[in-house]
2 protein chains.
Amino acid sequence: MKGAEMDVIEQVKAQGERVTLPRRLVIEALGQAHDHLTISALQRHIQAEHPDQPMSDTTIYRVLQWLKAIGLVSQTDMGQAGTVYALIDRPQHHHLICLNCGGTITIDDAVFEALRATLSAQYHFMPRIDHMAIYGTCERCADGDNS
Amino acid sequence: MKGAEMDVIEQVKAQGERVTLPRRLVIEALGQAHDHLTISALQRHIQAEHPDQPMSDTTIYRVLQWLKAIGLVSQTDMGQAGTVYALIDRPQHHHLICLNCGGTITIDDAVFEALRATLSAQYHFMPRIDHMAIYGTCERCADGDNS
DNA sequence: ATGTTTGCAAATCCTTTGCATCAGC
DNA sequence: GCTGATGCAAAGGATTTGCAAACAT
């Protein structure tokens, strides 16, 4: 199912931005990933799919920075796990990260609806909560105690 | 009012941790700051207060990493503005960061109470929301349009 | 044709590490 | 006195930048 990246490419064109091969590949990789990707994971993914089309780190950085600027991808600092990127289009989801075991739990975007409403009403601020990483302690670590 | 850092030092001692001069100075600087500090701001602050006591970057990094590990400071990625640190003790506050003008708005911790409750109830996860940075568009930029 | 984007290499910035010395308990 | 913290210098990693060549529109 390659709907996501097609949509993104349409959006990009509609904004009058140029669509080049490297850009296409980055968008494709992000669209196919069922997860948020680090720069190196992205690079590996693209290499695997298109072994003949080399992509420099520089280009990936620049493409991501551009996609972020035009509001199509989110960038999240996942702490020890590095910085990850993802398309902003599918049903959003976010992550809870356990400070003890390092495990991650995926949570639904609905959890943030109330927060969005509050920030908008109280502070007249339009939050763009594309991908949140929240740290804390997971159930297992809270019970079984820690290291 | 130097209550905050005294408390922290007591806590540290109570945990059987060593209290050295560099550690004391970092805690003092964080306690006096009315804001979250970057590494370099912290360094400048300490230099200003104690010109004769040099502190290597390395030590600041190590002290902060240690304070974070024992749960006394928060670390937040503020995007373009870098990574900031703060003591976790005073009434918490958080920041809204405008993606357009870069301005920041300070918000109350109460905003996150509902979120904490939801995460705890629905995912059995104990979040540690010490300092959040939320990106979006501020009122002024939403009205006056952008660059 | 024109203005943008790419790739390479090098620069820069932030953070961590090895190791000898020094300080807290 | 023993154990762990510090400082220096150097390594490491991630991200950015300058400039010529390649590309999309």
Side-chain angles (χ1 to χ4, degrees), chain A residues 8-29 36-44 46-47 50-70 72-85 133, chain B residues 8-30 36-47 50-70 72-85 133:
Chain A
V8 173
I9 292 179
E10 288 317 308
Q11 285 183 59
V12 168
K13 281 185 174 169
Q15 295 188 35
E17 297 281 347
R18 290 192 181 181
V19 178
T20 63
L21 183 54
R23 287 179 171 185
R24 213 181 276 274
L25 295 184
V26 169
I27 292 170
E28 176 188 306
H36 299 241
L37 298 176
T38 60
I39 295 274
S40 60
L42 194 46
Q43 221 164 1
R44 268 183 273 112
I46 294 174
Q47 284 308 313
H50 305 270
D52 41 315
Q53 173 61 29
M55 286 270 285
S56 66
D57 304 8
T58 308
T59 301
I60 295 191
Y61 276 106
R62 280 194 283 223
V63 170
L64 286 173
Q65 163 176 310
W66 163 73
L67 283 168
K68 197 173 51 140
I70 61 180
L72 297 179
V73 313
S74 65
Q75 175 182 354
T76 311
D77 179 5
M78 294 277 277
Q80 192 50 44
T83 302
V84 296
Y85 301 83
Chain B
V8 173
I9 291 179
E10 289 314 311
Q11 286 181 57
V12 168
K13 281 185 175 171
Q15 296 187 35
E17 298 280 347
R18 288 191 184 180
V19 178
T20 62
L21 183 54
R23 288 179 170 184
R24 213 181 277 274
L25 295 185
V26 169
I27 292 170
E28 177 188 306
L30 289 172
H36 298 242
L37 299 175
T38 60
I39 295 274
S40 61
L42 193 47
Q43 221 165 2
R44 268 181 274 113
H45 189 113
I46 294 174
Q47 284 308 313
H50 305 269
D52 42 315
Q53 173 62 30
M55 286 271 285
S56 66
D57 304 8
T58 308
T59 300
I60 295 191
Y61 276 106
R62 279 195 282 224
V63 170
L64 286 172
Q65 165 176 310
W66 163 74
L67 284 168
K68 194 170 56 135
I70 61 179
L72 297 179
V73 313
S74 65
Q75 174 182 353
T76 311
D77 178 5
M78 295 277 278
Q80 192 50 44
T83 302
V84 295
Y85 301 82

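Below, chain A is the first sequence line, B the second, and so on; all start at residue 1.
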Exercise. Check the distance between dT25(D)'s C1' and E17(A)'s CD and give it to me in whole angstrom.
Key: 13 Å

Quiz prompt | For atom CD of Q53(A) and atom C1' of dT6(C), their distance in whole Å | solution = 10 Å

Practice problem: Figure out the CZ/C1' separation between R24(A) and dT5(C), and round it to whole Å. | Solution: 14 Å

Self-check item: Below 4.0 Å: OP1/OP2 of dG7(D) and any side-chain N or O of T59(B)
Solution: yes

Exercise. Between T58(B) and P22(B), just flag the one whose closest nucleotide in DNA chain D comes earlier from the 5' side.
Key: P22(B)

Practice problem: Take atom CD1 of I60(B) and atom C1' of dC13(C), then tell me their distance rounded to the nearest Å. | Solution: 16 Å

Exercise. Give the intermediate values and the outcome of side-chain contact (heavy atoms from CB on, under 4.5 Å) for residues T58(B) and Y61(B).
Key: CA-CA 5 Å; T58(B) 308; Y61(B) 276 106; 5.9 Å; no

Quiz item: Taking the side chain of Q65(B) as heavy atoms from C-beta outward, which of dT5(C), dT16(C), dT6(C) is closest to it?
Solution: dT16(C)

Self-check item: Separation of atom CG in L64(B) from atom P in dT6(D), rounded to whole Å
Solution: 11 Å

Practice problem: Calculate, to the nearest 0.5 Å, the distance between atoms NE2 and CD belonging to H36(B) and Q75(B) respectively. | Solution: 12.5 Å

Quiz item: Between L25(B) (CG) and dA23(C) (C1'), how many Å, whole number?
Solution: 14 Å

Self-check item: Comparing V19(B) and S56(A) on DNA chain C - which has the more 5′ nearest nucleotide
Solution: S56(A)

Quiz item: Got L30(B) and V8(B) here, is their nearest side-chain heavy-atom distance under 4.5 Å?
Solution: no

Quiz prompt | E28(B) CD to L21(B) CG distance, which is reported to the nearest 0.5 Å | solution = 9.5 Å

Quiz item: Reckon R62(A) touches a base, only the sugar-phosphate, or nothing at all at heavy-atom distances under 4.0 Å?
Solution: base

Self-check item: Contact nearer the 5' end of DNA chain C, comparing V63(A) with K13(B)
Solution: V63(A)

Quiz item: So which nucleotide from dT5(C), dG7(C), dG4(D) ends up closest to the side chain of R18(B)?
Solution: dG4(D)

Quiz item: Just how far, in rounded Å, is P of dG24(C) from CG of L21(B)?
Solution: 8 Å

Quiz prompt | Test side-chain contact (heavy atoms from CB on, under 4.5 Å) applied to V26(A) and L37(A), L67(A), T59(A), the passing residue | solution = L67(A)

Quiz item: More 5' along DNA chain D: T20(B) or Q80(B), using each one's nearest nucleotide?
Solution: T20(B)

Practice problem: Return the value, rounded to whole Å, for the distance between atom OH of Y61(B) and atom P of dC14(C). | Solution: 7 Å

